[in-house]
Novice: 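I have a structure I would like to understand better, so I am pasting it below and will then ask my questions one at a time.
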Amino acid sequence: MMSISEPANLPDAPGTTATVLRTILWQPAGLIAVSVVVLFVLIAILAPWLAPHDPLSQSFLSINAQPTADHLLGTDQFGRDVLSRLIYGSRNSLIIGFLSPTLAALIGGTLGVIAGYFGGITDRLVTRVIDMLMAFPELLLAILIAAALGGGFWNVVAVLTVAFTPGFARVARASTMSVKEEPYVEAAIAAGLRTPIIIVRHVVPNIAAPIVVLLTLWTASAIRLEATLSFLGIGTQPPAASWGNIIREGLSNIFATSWPILAAGLAITVVVMAISILGDIMRDILDPEIN
Amino acid sequence: MARYLFVRLLDSIPTIFLVLSLVFLAMRILPGDPAIAVLGENARPETIAIFREKFGLNESLWVQYITFLRDMITFDFGTSLMSNTPVTTLIAENIPYTIELTIAAMIIGISGGIPLGVWAAVNRNKAPDNGFRLFSLVGYAVPDFYLGAILLIVFALNLGWFPITGAGDGFLDRLHHIVLPALTLAMLKIAFLGRLSRTSLLEVMGRDYVRTARAKGAREPRVIYRHGLRNALLPLSTGLGLSVLTTLSGSVAVELVFNRPGVGRLLIDAITERDYPVIQGGVIVFASIVVLVNLMMEVVYVLVDPRIRVK
């Protein structure tokens, strides 16, 4: 997308994890983005200690309360503490957001490497299916599959994984095809290395950069998609909280209080924005050609 | 041209087939008996037996699959389990609202996004450009249902400028109802199309023919629009097609926020009510629209860039 500022003092040997991390933290936008992500991950991990109330405990004595010292973001139509639901909701949103693109990268990456390395009929078949699935926007594909499959944690993970797999497969395939022509791969083949070893040692490390960039950018998409599916009622199922279904329940109670909607939506926006900034910076460092 | 299109049309058949198979698989993969899912745990065994017979659930999976494919290809989606209305009627009633919303959002998105992108490109790295970058960063991060909810809270609920639910009757009333949902969907279009026109314009503005145009003394607006933007149209036309599709998928959530009728709304309601024939019908309609839009994109592509036809 865009780098907020040009990376200052690019280190001599880009590519290793440490140098990438240093370059990100070097610039203000990167530092802020990393801090936001770390903060939210900590909130998700420490939810039981941070949440002032039980996110599921209902109290009919304090329904639709406006923010007070006891309930910093007020309560919802069941008298549940909104802040606590928000804190617990970060768990579902973040776990699904990180898990599904990772699974998709593994599955799609494997398919793409196999198709790109071996070519032939496998390649044609994989490319064909990728092209067909890529015709659909991820959200629509996710909605269509979730429509048939229904909600729930693992279903959402499965749906998002299917939605993201073709993209990873396409990138992995293209990168593998270009890496395969490199002299070091030819040398490895000439040296008589077995094919699986060539793929693991010489191909995979050299196509990792674009995959990692995509993984970061799509983690942001996955968090937004999970929220959308939960909002539509086909993601995380109540009473479990997720940022999307907090907004869904808030909308049916909009005449009483709008705090749940405003807070949950802000959380989604901030996290998604931080992760996409990170993705952009990483793309600028690792994969300058795409830009 | 006709032959090219025909080949493309044939090409889309496997896509439809794949989607149909995915839908069938997903619906049959569900643990538990669809009959119990629809009729409830406490349904009498006789009722369940009748249901299973009526929907062919006693047949083998292959027979069910073939029957399913045949029904879908002949647009026989069955009748809704809830309202007993034919699914085709339900879709026909709802689809105009979705189309209307998509068109309105696209009009706002194009007329906002392209000029903004041009403005940002012309003022590269100055205040307008930086402002636009920030705008598009936020525009990409805000989920449209959240943006819709904010617009609803501020402009409909608190200020009372716009109606809170429904789609309205008569032209002016419908226009009044469509403003907020269309704006919601348009925001992402403005960010997306703006950024696309910014980058493609910047790419073109460095070319020789633009320099030649300037050297000939053409005025700057003419250079930008006649020599620059026209040559940036190719990536933009792809972006437009993509935009239609994301608007369509966004409309599902936005219809829910503004309580508007539409195919997305129909699909979501059907999911809540486990109305399987309507779910199937809705999914097929969306998949067909995607294939159709992709096909139209190909046509536009060939029209804008005749070189493709030769390949």
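Only heavy atoms go into these numbers, but all of them, side chains included; no hydrogens, no water, no symmetry mates. Naming convention: chains lettered A, B, ... in sequence-line order (proteins, then strands); numbering from 1 in each chain.
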Novice: Please classify the contact of L242(B) with chain A as side chain, backbone, both or neither, using a heavy-atom distance under 4.5 Å.
Specialist: neither
Novice: Using a cut-off of under 4.5 Å for heavy-atom pairs, which of A220(A), A158(A), A227(A), S221(A) has the most such pairs with chain B?
Specialist: A227(A)
Novice: On a heavy-atom basis, which atom in I268(A) and which in P143(B) lie closest, and how many Å separate them?
Specialist: CG2-CG, 3.6 Å
Novice: Which pair of heavy atoms, one from L256(B) and one from R248(A), lies closest together, and at what distance?
Specialist: CD2-NH1, 3.9 Å
Novice: Nearest 0.5 Å, what's the CD1-CG distance between I153(B) and L262(A)?
Specialist: 4.5 Å
Novice: Please flag which part of A270(B) lies under 4.5 Å from any non-hydrogen atom of chain A: side chain, backbone, both or neither.
Specialist: neither
Novice: Given the rule in the side chain to side chain contact (heavy atoms under 4.5 Å, CB included) test, do L266(A) and Y146(B) qualify, once you have shown the distances and angles that lead to the verdict?
Specialist: CA-CA 9 Å; L266(A) 192 66; Y146(B) 177 48; 4.0 Å; yes
Novice: For the residue pair V252(B) and L139(A), establish whether any side-chain heavy-atom pair is separated by less than 4.5 Å.
Specialist: no
Novice: So for I261(A), is it side chain, backbone, both, or neither that comes closer than 4.5 Å to the heavy atoms of chain B?
Specialist: both
Novice: Using a cut-off of under 4.5 Å on heavy-atom pairs, state which of A274(A), G265(A), G244(A) scores highest against chain B.
Specialist: G265(A)
Novice: Please flag which part of V290(B) lies under 4.5 Å from any non-hydrogen atom of chain A: side chain, backbone, both or neither.
Specialist: side chain
Novice: Go through the atoms of L245(B) and report whether side chain, backbone, both or neither lie under 4.5 Å from a heavy atom of chain A.
Specialist: both
Novice: Name the member of I279(B), I150(B), I164(B), V257(B) that forms the most heavy-atom pairs with chain A at distances under 4.5 Å.
Specialist: V257(B)
Novice: What residue in L248(B), N259(B), N294(B) has the most heavy-atom pairs under 4.5 Å with chain A?
Specialist: N294(B)
Novice: If I compare all heavy atoms of A141(B) with all of V272(A), which pair ends up nearest, and what's the gap?
Specialist: CA-CG1, 3.7 Å
Novice: Counting heavy-atom pairs under 4.5 Å with chain A, which one of V291(B), V293(B), I268(B) comes out on top?
Specialist: I268(B)
Novice: Inspect the surroundings of CG in L10(B) and state if more than 12 heavy atoms from other residues, nucleotides or ligands are less than 6.0 Å away.
Specialist: yes
Novice: From F145(B) CZ over to L251(A) CG, what is the distance, rounded to the nearest 0.5 angstrom?
Specialist: 10.0 Å
